[in-house]
Amino acid sequence: MTDKAISTTLKGGGDAVLHARTTLVFYHRDGSTVAHMDKGKSLVVGRTAPSDVEIPDLGLSRQHARFTWDDQGIWVEDLKSTNGTKKNGEPVTRARIAPGDEIAVGPVMVSVHIVSSIDEELRGFDGHDRFVAALADEITRARTFERPLTLMLVRSAGAKDSHVGRWASRLRSRLRPVDRVGLYGPAAVLVSLPETSAEAAQPLVAALAGGEPPLICRTVTFPTDGSSVDELIAELRAARRAPRDTRDTGESSAVLAKNAAMKQVMATVKRVAGSTIAVLINGETGTGKEVIARAIHEAGPRKQQPLRSINCAAIPGQLIESVLFGHEKGAYTGADVSARGLFEQADGGTVLLDEIGELAPAAQAALLRVLETKKVTRVGGDRELEVDVRVIAATHRDLEAMVEAGRFRQDLLYRLNSITLQIPPLRERVDEIRPLAERFLKDACKQAGTPGKTLDDDALAALERYAWPGNVRELKNVIERAVVLAEGATITPAELTEKIRGAPKAPAVPSGELQMPSDYREHLRKYEADLILRALHKHGGNQTEAAKALGLPLRTLVHKIQTYGIKKKFDR
């Protein structure tokens with residue numbers, strides 16, 4: 001739209017134009033904010049009230065800039081702000097603006113839109129927290145209805161026109177109403193594409209890459225590349241690394257064990273590494289079960305042989321046996337050539353079966369037979385092949401409860417849990433949050449090619465307050481995103497997500513029931529032990545019912561009872 005056309009539009013020429021409205025979209029680190037302008041009225045943007053548009057960014061002044069609309073057009077006026085206001089890269093005190101201009105209010109980019117009454121309401125992009133919550137819901141739907149879901153990372157191909165605000169409208173115009181966009185940084189967004197396979201997303205990728213400015217797109221799909229939000233985002237980040245970095249080595253892959261419970265886990269790892277017995281690793285999603293499995297493999301005599309892993313939740317049920325045991329040519333539609341399965345590939349080494357609780361009954365039976373006979377038979381074949389493989393299984397599920405419910409074979413569980421390692425969640429390892437965050441920060445800066453950054457004390461305090469439902473994987477994703485957002489050498493709470501910045505300092509404790517200890521971690525332990533004890537009393541000592549009431553897997557509850565010595569207290 002030209003300046004002359006804009007002026008005509010704003011002056012109200014024509015029936016359609018009489019109903020036109022002006023919209024400002026503010027792109028900031030926590031998402032985007034849409035504000036509608038009325039002719040003759042002003043709109044002030046700033047960090048706090050009494051600004052009309054409040055954006056809690058420390059780079060903004062309390063009242064940073066004023067936007068107005070009069071007969072001459074739309075104007076922006078700087079309100080003596082600290083970081084200034086720019087139009088097309090040039091500092092201004094007052095200037096007329098129009099669609100297509102690049103307006104920067106401190107660190108916040110602003111775009112102007114003239115929207116007719118028959119156009120769809122202009123939608124802003126989600127902040128990271130809101131997008132992640134919506135993506136988790138989409139993953140649940142995809143899993144329930146066995147449909148694909150693609151997650152896409154989009155960013156500018158160069159420094160020019162890199163800010164999201166300069167190409168956001170172009171991206172939005174190519175998406176469906178069901179697609180969702182969340183800001184990942186000043187120059188990058190995440191896009192959720194429900195019911196879209198990797199192949200179906202390619203026309204969109206090609207269109208964005210061929211436009212102006214050209215955009216770089218990377219995609220991952222559920223369930224092939226991951227079965228949770230954190231897994232998919234981590235896979236997107238991994239896709240940005242050079243080929244030599246696709247597998248962690250050295251310090252970044254070493255297990256960090258500062259916490260007493262983790263030291264106990266690692267002591268057990270050292271004891272079992274030299275044997276060939278099966279190991280079952282139990283822990284919440286993102287606690288680092290695969291890292292522990294790799295530590296077992298690399299500390300034993302098989303370290304020079306292959307380690308092959310598979311996420312059982314990420315492979316469709318009808319293909320899992322083919323992936324594990326291989327198939328012969330013509331075994332099923334699409335099997336054009338014979339292929340070795342995971343067990344054949346890992347012969348002499350180790351197989352990690354992640355999320356083994358998701359295996360279908362038929363696959364459980366086939367796996368049990370392989371563990372008993374040490375022989376595999378390819379799908380569609382009749383020849384048995386001997387394999388020498390150590391099996392490590394991992395799950396976040398309570399397999400014993402699944403056995404009781406008839407969803408997991410008891411004989412298979414006996415084969416898998418010769419040794420069981422319970423990995424504590426990150427919220428119980430507060431003393432490891434700082435060293436883990438510093439390690440991830442060092443790695444992220446190296447991958448991004450940026451000078452080493454540091455975490456300030458307030459940011460570290462916020463990280464240690466947060467409960468980390470996604471555990472270590474979530475912490476790593478948060479640090480990597482903070483590196484993208486940070487403009488200076490120090491990462492502050494402003495670069496963290498809203499839910500981390502707003503995490504409470506400690507759980508609320510009922511008055512008179514517990515004394516507030518001086519040690520924060522001891523307070524958390526006593527509070528959690530008290531909750532478990534009350535749940536056991538309420539359900540007459542029935543651990544299964546207490547676990548359901550607390551929303552915990554039975555195995556996790558049993559581990560906590562042993563750790564806190566609660567059983568003895570209850571028996572008295």
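Throughout, residue positions are numbered sequentially from 1 according to the sequence presented. Here the structure is a predicted model, which is why all the values come from computation and not from measurement.
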message: Distance check, rounded to the nearest 0.5 Å: L421 atom CG versus M262 atom CE?
response: 9.5 Å
Whether over 12 other heavy atoms sit under 6.0 Å from Q305 CD: yes
field: Derivation and outcome, side chain to side chain contact (heavy atoms under 4.5 Å, CB included), residues L151 and E138
entry: CA-CA 11 Å; L151 180 65; E138 285 295 347; over 6 Å; no
message: Using the side chain to side chain contact (heavy atoms under 4.5 Å, CB included) definition, which of the options V132, V181, L153 pairs with L190?
response: L153
- request: Determine, stepwise, if the pair L416 / L371 fulfils side chain to side chain contact (heavy atoms under 4.5 Å, CB included).
  value: CA-CA 9 Å; L416 295 173; L371 295 178; 3.9 Å; yes
message: Quick check against the 3.5 Å criterion: does K289 have a side-chain atom that pairs as donor or acceptor with the backbone of G283?
response: yes
field: Donor-acceptor under 3.5 Å (S309 side chain, L352 main chain)
entry: no
task: Return yes if a side-chain donor-acceptor contact under 3.5 Å exists between R271 and T268, otherwise no.
output: yes
- prompt: Within a radius of less than 6.0 Å around CZ of R130, do more than 12 heavy atoms belonging to other residues, nucleotides or ligands occur?
  reply: no
- prompt: How would you list, by chain and number, every residue that makes a side chain to side chain donor-acceptor pair (under 3.5 Å) with E438, sequence neighbours excluded?
  reply: none
query: Would a distance-only check, ignoring hydrogens and angles, find a side-chain to backbone donor-acceptor pair under 3.5 Å from R378 to F325?
result: no
- prompt: Should T221 and P148 count as side-chain neighbours, where that means a heavy-atom distance under 4.5 Å?
  reply: no
- prompt: Got a second to check how far M266's CE is from N259's CG, nearest 0.5 Å?
  reply: 13.0 Å
query: Short question: side chain of T350, backbone of A346 - any donor-acceptor pair under 3.5 Å?
result: no
field: Any donor-acceptor pair under 3.5 Å from Q202 side chain to A198 backbone
entry: yes
- prompt: In chain order, what residues pass the ring-ring contact (aromatic ring centres under 6.0 Å, His included) check against F222, with sequence neighbours excluded?
  reply: none
- prompt: When you look at CD of Q264, are more than 12 heavy atoms from neighbouring residues, nucleotides or ligands closer to it than 6.0 Å?
  reply: no
N-O pairing of E290 and R473 below 4.0 Å: no
- prompt: Looking just at side-chain N and O atoms, do T497 and R481 make a donor-acceptor pair shorter than 3.5 Å?
  reply: no
field: With sequence neighbours excluded, residues passing ring-ring contact (aromatic ring centres under 6.0 Å, His included) with F408
entry: none
query: Looking only at atom types and distance, does a side-chain atom of E432 sit under 3.5 Å from a main-chain N or O of K258, one as donor and one as acceptor?
result: yes
query: Any donor and acceptor pair, going by atom type alone, linking the side chain of D354 with main-chain N or O of I310 inside 3.5 Å?
result: no
task: Taking the side chain as every heavy atom from C-beta outward, state whether D388 and R302 have any atom pair closer than 4.5 Å.
output: yes
task: Give a yes or no on whether the backbone of R147 and the side-chain of R141 come within a donor-acceptor separation of less than 3.5 Å.
output: no
- request: Determine, for R143 against E355, whether the closest basic-nitrogen to carboxylate-oxygen distance falls under 4.0 angstrom.
  value: no
message: If we ignore hydrogens and angles and just use 3.5 Å, is the side chain of H327 paired with the main-chain N or O of V337 as donor and acceptor?
response: yes
field: Min side-chain heavy-atom separation L324-V370 under 4.5 Å
entry: no
query: Does the N417 side chain pair with the main chain of L280, one donor and one acceptor, at a distance under 3.5 Å?
result: no
task: In sequence, state the C-alpha distance, the side-chain angles, and the governing distance for R174 and D179, and then conclude on salt bridge (charged side-chain N to carboxylate O under 4.0 Å, His left out).
output: CA-CA 10 Å; R174 294 188 175 276; D179 300 331; over 6 Å; no
- request: Quick one: list whatever passes side chain to side chain donor-acceptor pair (under 3.5 Å) with R180, sequence neighbours left out.
  value: D126
message: Could you work out, with ring-ring contact (aromatic ring centres under 6.0 Å, His included) as the rule, every residue matching H396, not counting sequence neighbours?
response: none
task: Would you please name every residue forming a side chain to side chain donor-acceptor pair (under 3.5 Å) with T377, sequence neighbours left out?
output: none
task: Answer yes when E284 and R427 have at least one side-chain N-carboxylate O distance shorter than 4.0 Å, and no when they do not.
output: yes
